Trainee: 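Dropping a structure here in structure tokens format, bear with me for questions.
Order of the sequence lines fixes the chain letters, A, B, ..., with proteins taken first and strands second; residue numbering starts at 1 for each chain. A quick note: this is a predicted structure, and the numbers were derived from the prediction, not measured.
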Amino acid sequence: MHQSSLIQSLNSAQAQAVTSMADRLLVLAGAGSGKTRVLVHRIAWLIKEQQLSPFSILAVTFTNKAAAEMRNRIETLMRAPSGSMWVGTFHGIAHRLLRMHWQEAGLPQNFQILDSDDQLRLVKRIMRQQELDESRWPPKQAQAFINSNKDEGLRPDHIDDYGDIYQKTLIGVYRQYQEACERGGMLDFAELLLRSHELWLHQPQLLAHYQQRFRHILVDEFQDTNRIQYAWLQMLAGKNVPITIVGDDDQSIYGWRGARIENIRSFGDDFGRTEVVRLEQNYRSTAMILNAANGVIANNRDRLGKQLWTSGEDGEPISLYSAFNEVDEARFVAERIQQALQQGLRRSEIAILYRSNAQSRVLEEAMLRGSIPYRIYGGHRFFERAEIKNALAYLRLICHRDDDAAFERVVNTPSRGLGDKSLERIRNTARELKVPMWQASLTVLQHKELSTKAGKSLHEFLGLIELLDQELRGLGLSEQAERVIEASGLIAFHQNEKGDRGEARVENLKELISATREFEANGEGDSASLAAFLDHAALEAGDTQAQADEDCVQMMTLHSAKGLEFPIVFMVGVEEGLFPSMKSADDLDRMEEERRLAYVGITRAMKKLFISHAESRRIYGSEALHAPSRFIREIPHHCLQEVRAAAKITRPMAVPRGRAAVQNTDTPYRLGRSVRHPKFGDGVIMGCEGQGPNSRVRVNFAGAGEKWLVAQYARLELL
DNA sequence: TCAGCGCATGTTTTT
DNA sequence: CATGCGCTGA
């Protein structure tokens, strides 16, 4: 492939970025400007034109999905496998380094990764040990304290307590937690980064080795880096390793979890003289949508500055719908989706974006009513589900007896009569002897410290694990998983759970076996081992839904929409207090992050964007009135077109007297009539709005109080 | 040990 | 409103 053919398909800014000779290159890539394309082409260019070996290239992303996509596209472009290239997430790469250099990093060879769920459990245990009052010291907060300090690169000794008892206590928890992790050979996510940073810090010869090896570093979504990731990159890049960073300060929406938008601004100061290339030509959206996005984001300060443009068509104006309440809003969305589907769009080409997950419910109901298949993103991912974690904990314990987190999780799951008292005894022994709980259990059994019943159960449990360990030797991964799930009694345990929850859980356990099979098929030799699978499960929590995608309308938060695009987008709940969130109201930095979120949302739309807000919305059980979001006002006026309700809505403030003819004659719902609703029970019609199928009735229910219902969907029965 | 009750709680999410 | 958690009683 010649250089010309490589850059042929690129615009001039893209080509400039791809072929830059600068050692420090910052590519400011606006939404939809071909960011990944540039990254991938630059890698190809480095290999083909600069004769770099794939082996000497490091490409870092934030999510596994992005890493996988990058690898795929490199292989497609270069028509060659990319196996020798290091492409991965920060955490994935840090993990890889630590596995390779566990000795230098002072880790046990079989160290385990602690996910946030396990981490919280451990923090709770430690706080209980210290007899901290959970209402005064919420474990979640302590966990956040630990993680945010680690993200900042801080160990307990580095943190100033300001003489503050609150701070002192949290530092103490951090310290104890860290000791517990060390004892059990466990690393949490932040620790992976911190450790690998310290590894290089303390082992200069290792750092030098990697600085020699990597001839180019590329980083995606740089605006999302936190302090430790920044320091890690700075250390690896040193003075001489060329580095390309790609990012968009306008799309920085993760400040609340440690991402520092400043990093992209200070890059030039810290890494050295930097060439900046702006990608502003957008290939995704209509001019109308881009103008709206530009108009909104222009209200932020301190931007590096970009103006998206397109050579494509103007497109339709953005439709703005002022809904009466959240139910009406959902009804509007469903109705417009139906229209779009009738025009031949596929469901998966349509997305509904909202600020918070709680908003999905009403929308979901509207989709159900309209029989529109949908998929909600969010919630627990596959490897995070309780039943999956239970099964994995058995596997973890089998390959690593010291894993206290796993031990705690399954010692009484399914319940085998080991209560808190017995466990407390084991924990105490473990603490006194400074040994893992497994060993403590043996001691406790030896000393016959438990009741006969509990002692017998514990003995059986230990025996089961030992037995499985024997049995699993020589078996393949999926056979191991199958055997453990069967022998553990987890299937029966979850089957007995009430509701249809249990059924789904059993399904998931079966799915886990398929996942191990797939893992076996993809990896080869040692990489398909149980230990490797456990790492995989911890580092890559999997998808939200196990089964593959039907053609569905996509529903998700604005945050999870980042990086995606859809021909039609609905942004709902665009109201003051909701979006921007009330919690960001008094802080300008956070308000600007909300605005960036609006920018992200708008730029997801390719052809058509709908924005809606509700005048009244039920939040936490009570009705709240919200003004339209400031972000709506910030959209240039000519980009917006107000939608009036399909059936003209009039607000009958009073019932007209004397002229019965004014009242809708085509609706059976007359004032004062008694009706019955399948859910709300009996009630009386108090008001009526509009005509035809979209008319709304106000019903005062005896049991449920006053409700507004859309006649078409209300399923009201006249009494 | 487990079900049932009362109470607090309630952005955004990846690894 | 709805969920999830901890605590209580059987």
Trainee: Under 3.5 Å, is there a donor-acceptor pair linking the side chains of A/Asn226 and A/Tyr254?
Mentor: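 No, no side-chain donor-acceptor pair sits under 3.5 Å.
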Trainee: Figure out the CG/C1' separation between A/Asn147 and B/dT13, and round it to whole Å.
Mentor: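 Distance, rounded to whole Å: 13 Å.
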Trainee: Which residues pass the side chain to side chain contact (heavy atoms under 4.5 Å, CB included) test with A/Arg227, not counting sequence neighbours?
Mentor: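 Side chain to side chain contact (heavy atoms under 4.5 Å, CB included) check on A/Arg227 returns A/Glu152, A/Arg260.
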Trainee: Take the protein atom CZ of A/Arg257 and the nucleotide atom P of B/dT14, then report the distance between them rounded to whole Å.
Mentor: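 It works out to 7 Å between those atoms.
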Trainee: Please confirm whether the shortest side-chain N or O distance from A/Arg416 to OP1 or OP2 of B/dT1 is below 4.0 Å.
Mentor: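 No, outside the criterion.
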Trainee: Any heavy-atom pair between the side chains of A/Phe566 and A/Leu564 that's under 4.5 Å?
Mentor: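 In contact.
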Trainee: Is the ring centre of A/Tyr620 under 5.5 Å from the base ring centre of C/dC1, and are the two planes under 30° apart, so that they stack?
Mentor: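 By the stated criterion, A/Tyr620 and C/dC1 do not stack.
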Trainee: Which sits closer to the 5' end of DNA chain B, A/Lys453 or A/Ser584, going by the nucleotide each is nearest to?
Mentor: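 So the residue in question is A/Lys453.
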Trainee: Can a side chain N or O of A/Arg381 be found less than 4.0 Å away from OP1 or OP2 on B/dT15?
Mentor: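 Yes, within the criterion.
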Trainee: With the side chain of A/Trp256 defined as its heavy atoms from C-beta on, choose the nearest nucleotide among B/dC2, B/dT15, B/dT12.
Mentor: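 Selected nucleotide (nearest to the side chain): B/dT12.
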Trainee: Taking atom types as they are modelled, is there a donor-acceptor pair under 3.5 Å from the base of B/dT15 to the side chain of A/Ser116?
Mentor: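 By the distance-only test, yes, there is a pair.
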Trainee: Just the rounded figure in Å: distance from C1' of B/dT13 to CG of A/Asp224.
Mentor: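 Result: 11 Å.
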Trainee: Would you say that A/Arg617 contacts A/Glu329 through its side chain, given a criterion of any heavy-atom pair below 4.5 Å between the two side chains?
Mentor: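 They are in side-chain contact.
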Trainee: A/Asp117 has an atom CG; how far is it from atom P of B/dT14, in whole Å?
Mentor: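 Distance check: A/Asp117 CG to B/dT14 P gives 15 Å.
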Trainee: Between B/dT14 and A/Asn64, is there an OP1 or OP2 to side-chain N/O distance shorter than 4.0 Å?
Mentor: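 Answer no for this pair, as no side-chain N or O of A/Asn64 is under 4.0 Å from OP1 or OP2.
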Trainee: For A/Asn357, report the nucleic acid contact type (base, sugar-phosphate, nothing); a contact means any heavy atom under 4.0 Å.
Mentor: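 Sugar-phosphate contact only.
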Trainee: Within the 4.0 Å heavy-atom criterion, would you say A/Glu191 contacts the bases, only the backbone, or no part of the nucleic acid?
Mentor: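 Touches nothing.
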Trainee: Between A/Leu418 and A/Thr557, name the one whose nearest nucleotide on DNA chain B is closer to the 5' end.
Mentor: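 It is A/Leu418 whose nearest nucleotide is closer to the 5' end.
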Trainee: Select base, sugar-phosphate, or nothing to describe what A/Glu593 touches, counting heavy atoms under 4.0 Å on all strands.
Mentor: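 Since no nucleic acid heavy atom lies under 4.0 Å of A/Glu593, the category is nothing.
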Trainee: Which part of the nucleic acid, if any, lies within reach of A/Asn412 when heavy atoms closer than 4.0 Å are counted: base, sugar-phosphate only, or nothing?
Mentor: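 A/Asn412: backbone/sugar contact only, no base atoms under 4.0 Å.
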Trainee: Just the rounded figure in Å: distance from P of B/dT15 to CG of A/Leu98.
Mentor: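 That distance rounds to 18 Å.
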Trainee: Mind checking the OG-CD spacing from A/Ser616 to A/Glu623? Nearest 0.5 Å is all I need.
Mentor: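 Separation between the atoms: 3.5 Å.
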Trainee: Have A/Gln141 and A/Tyr166 got a donor and an acceptor in their side chains that come within less than 3.5 Å?
Mentor: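 Note: A/Gln141 and A/Tyr166 side chains meet the donor-acceptor criterion.
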Trainee: Below 4.0 angstrom from OP1 or OP2 of B/dC2, is there any side-chain N or O of A/Ser415?
Mentor: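 True: A/Ser415 side-chain N/O within range (under 4.0 Å) of B/dC2 OP1/OP2.
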Trainee: How many Å lie between CD on A/Glu326 and P on C/dA2, as a whole number?
Mentor: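 So the two atoms are 12 Å apart, to the nearest Å.
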Trainee: Measure the acute angle between the ring planes of A/Phe519 and A/His536, then classify it against the limits of 30° and 60° as parallel, tilted or perpendicular.
Mentor: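 Rings of A/Phe519 and A/His536: tilted, as their planes differ by 30° to 60°.
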Trainee: Using atom P of each nucleotide, how far apart are B/dT12 and C/dC5 to the nearest Å?
Mentor: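 Approximately 16 Å lies between the P atom of B/dT12 and that of C/dC5.
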Trainee: Just the atom pairs and distances: protein N or O near nucleotides 3-10 of chain C's N or O, under 3.5 Å.
Mentor:
{"from": "C/dT3", "atom 1": "OP1", "to": "A/Arg361", "atom 2": "NH2", "distance (Å)": "2.5"}

Trainee: Return the value, rounded to whole Å, for the distance between atom CZ of A/Arg355 and atom P of B/dG10.
Mentor: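 That distance rounds to 15 Å.
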Trainee: Under the salt bridge (Lys or Arg N to Asp or Glu O under 4.0 Å) test, which residues partner A/Arg361, sequence neighbours left out?
Mentor: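 With sequence neighbours excluded, A/Arg361 shows a salt bridge (Lys or Arg N to Asp or Glu O under 4.0 Å) to no residue whatsoever.
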Trainee: In whole angstroms, how far is the C1' atom of B/dT1 from the CZ atom of A/Phe493?
Mentor: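 Value for this atom pair: 12 Å.
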